[in-house]
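Just so we're clear, the structure is a prediction, and the values are computed from it rather than from any experiment.
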Amino acid sequence: MFGWTSEDWSEYAGAPYFGLTTGTGSGIDGAVLGRPGGANPEVGGPVAGGVLTMGVADHDEIAAKILAAGGTEALPKHALPGMAWQGYFHDTENNVFGLHQPDPEAA
């Protein structure tokens, strides 16, 4: 979806642990850990972790890819007037994440 790469580092951590690279140079590289207890959150329930929002060039294009890959809409695309278009989704494990398309004409 976002062109990221991942690497399984679980053997080093002794638990599910996946390193993420978002590109070359500066970025938001990091890692994803397994959820304690293993249960996915219920849609509409409390958020069970941080909510990441990714900057994108085309909200609608990425939203279509998310839905095609099995994600669902959590909060429809809406204008942050004079700033951007914003929307939130659930991934296939019901984690919430957002898309942010800068657009000074958003209204």
Partners passing side-chain contact (heavy atoms from CB on, under 4.5 Å) against T72 (at least two apart in sequence or in another chain): H90
If we count only N and O atoms by modelled type, under 3.5 Å, do the side chains of H78 and Q86 hold a donor and an acceptor together? no
Could you tell me which non-hydrogen atom of F89 sits nearest to which non-hydrogen atom of E73, and how far apart they are? CD2-CA, 3.9 Å
Here the pair of heavy atoms bringing A106 nearest to A84 is CB-O, 3.3 Å
Quick one, [X] and [Y] - any side-chain contact, counting heavy atoms below 4.5 Å?
X: D60; Y: K77; value: yes
X: T22; Y: F2; value: no
X: W85; Y: V56; value: no

Say you draw a straight line from [atom1] of [X] to [atom2] of [Y]; how long is it, rounded to the nearest 0.5 Å?
X: L99; Y: L75; atom1: CG; atom2: CG; value: 11.5 Å
X: T21; Y: E7; atom1: OG1; atom2: CD; value: 7.5 Å
X: N40; Y: D91; atom1: CG; atom2: CG; value: 8.0 Å
X: D103; Y: H59; atom1: CG; atom2: NE2; value: 12.0 Å

For the pair S10 (side chain) and Y17 (backbone), establish whether a donor and an acceptor sit closer than 3.5 Å, ignoring hydrogens and angles. yes
Ignoring hydrogens and geometry, is there a side-chain-to-backbone donor-acceptor pair from N94 to P41 under 3.5 Å?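 Such a contact is found between N94 side chain and P41 backbone.
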Are I66 and L52 connected, step by step, through hydrophobic side chains (Ile, Leu, Val, Met, Phe, Trp, Tyr) whose heavy atoms are closer than 4.5 Å?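 Yes; tracing contacts between hydrophobic side chains, which count when under 4.5 Å, links both residues.
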